[in-house]
Amino acid sequence: MPVDRGGVTRFVNRSDVRFVQAMGDYAELHTPDGTHLIRVPLNTLEERWAAAGFVRIHRSTLVCTRFVSELHMDDGRCTVTVDGTPLQVSRRHTRELRKHLLQRGDGDQ
């Protein structure tokens, strides 16, 4: 994924992306090396990256399920933890996320 910053184009591998958050017309890619803005709508990334294990957990967030280390349920509210970062899961997306996490298998971690 090409990322422009200060006149320099860097390339971020999708396999390094832990989660993505919508930022207006941009998407913010979160990797171990930091965050990177790209001008691609979240809906487009959701469609293109679904086969790679990315699932929408909120209207503004996609997460790569293989990096989800914890899922918390508290009074009907769901939160996942990715690289130590808690991310809110909307009620609308909770069932689908749980399905994906259960399907990923025990041997992925």
Side-chain angles (χ1 to χ4, degrees):
M1 177 72 54
V3 177
D4 292 323
R5 179 180 269 174
V8 176
T9 301
R10 301 176 85 201
F11 295 92
V12 174
N13 291 320
R14 180 178 61 195
S15 60
D16 291 333
V17 178
R18 298 333 196 219
F19 61 96
V20 183
Q21 292 183 308
M23 303 296 255
D25 292 337
Y26 293 85
E28 186 175 59
L29 309 178
H30 292 259
T31 70
D33 297 328
T35 59
H36 311 277
L37 279 178
I38 59 171
R39 194 174 178 105
V40 177
L42 201 61
N43 286 338
T44 301
L45 291 178
E46 180 181 19
E47 292 171 13
R48 290 182 186 168
W49 292 8
F54 283 82
V55 175
R56 187 177 290 256
I57 62 168
H58 192 275
R59 66 182 152 91
S60 63
T61 309
L62 294 178
V63 67
C64 183
T65 57
R66 75 171 192 250
F67 295 112
V68 173
S69 59
E70 297 177 349
L71 179 128
H72 299 275
M73 294 297 296
D74 186 28
D75 286 332
R77 296 270 185 212
C78 182
T79 304
V80 294
T81 302
V82 177
D83 282 356
T85 303
L87 300 168
Q88 185 72 38
V89 181
S90 70
R91 290 180 193 260
R92 176 180 175 204
H93 293 94
T94 298
R95 180 179 290 167
E96 189 70 16
L97 173 65
R98 289 177 65 126
K99 178 180 134 185
H100 280 279
L101 292 175
L102 291 173
Q103 288 177 347
R104 76 178 184 185
D106 295 336
D108 286 356
Q109 292 193 17

Exercise. Just wondering, do His58 and Ser90 contact through their side chains at under 4.5 Å, heavy atoms?
Worked result: yes
Exercise. Rounded to the nearest 0.5 Å, what separation is found between the CZ atom of Arg14 and the CG atom of Leu29?
Worked result: 11.5 Å
Exercise. Once you round to the nearest 0.5 Å, how far does NE2 of His93 lie from CZ of Arg98?
Worked result: 15.5 Å
Exercise. For Val20, which of Thr35, Ile38, Leu45 qualifies under side chain to side chain contact (heavy atoms under 4.5 Å, CB included)?
Worked result: Leu45
Exercise. Judged by atom type as modelled, is there a donor-acceptor pair below 3.5 Å linking the side chain of Thr31 to the main-chain atoms of Gly34?
Worked result: yes
Problem set entry | Smallest separation among heavy atoms of Pro32 and Asp16, with atom names | CD-O, 3.3 Å
Exercise. Any side-chain heavy-atom pair from Gln88 and Arg77 closer than 4.5 angstrom?
Worked result: yes
For this session: Establish whether Met73 and Val82 are linked, either directly or via other cluster members, by ILVMFWY side-chain heavy-atom contacts under 4.5 Å.
Result: yes
For this session: Side-chain contact test, heavy atoms from C-beta onward, threshold under 4.5 Å: evaluate it for Leu42 versus Arg56 and give yes or no.
Result: yes
Exercise. Do Leu37 and Val17 belong together in a cluster built from hydrophobic side chains that touch within less than 4.5 Å?
Worked result: no
Exercise. Atom CD of Glu96 and atom CG of Leu101: how far apart are they, to the nearest 0.5 Å?
Worked result: 10.5 Å
Problem set entry | Distance, nearest 0.5 Å, that separates CG of Leu71 from OG1 of Thr65 | 12.0 Å
Seminar exercise, completed: d(Glu46 CD, Thr44 OG1) to nearest 0.5 Å is 9.5 Å
For this session: Is it possible for you to say whether Val63 and Tyr26 belong to one hydrophobic cluster, with membership spreading through side-chain heavy-atom contacts below 4.5 Å?
Result: no
Seminar exercise, completed: Scanning both residues in full, the closest heavy-atom pair of Leu87 with Gln21 reads CD2-NE2, 4.1 Å
Exercise. Any idea which heavy atoms bring Phe67 and Ser15 closest together, and the distance?
Worked result: CZ-O, 3.7 Å
Problem set entry | Which atom of Ala52 lies closest to which atom of Cys64, heavy atoms considered | O-SG, 4.2 Å
Exercise. Is there a donor-acceptor pair under 3.5 Å between the side chain of Ser60 and the backbone N or O of Ala22?
Worked result: no
Problem set entry | Parallel, tilted or perpendicular: rings of His30 and Phe19 (30°, 60°) | parallel
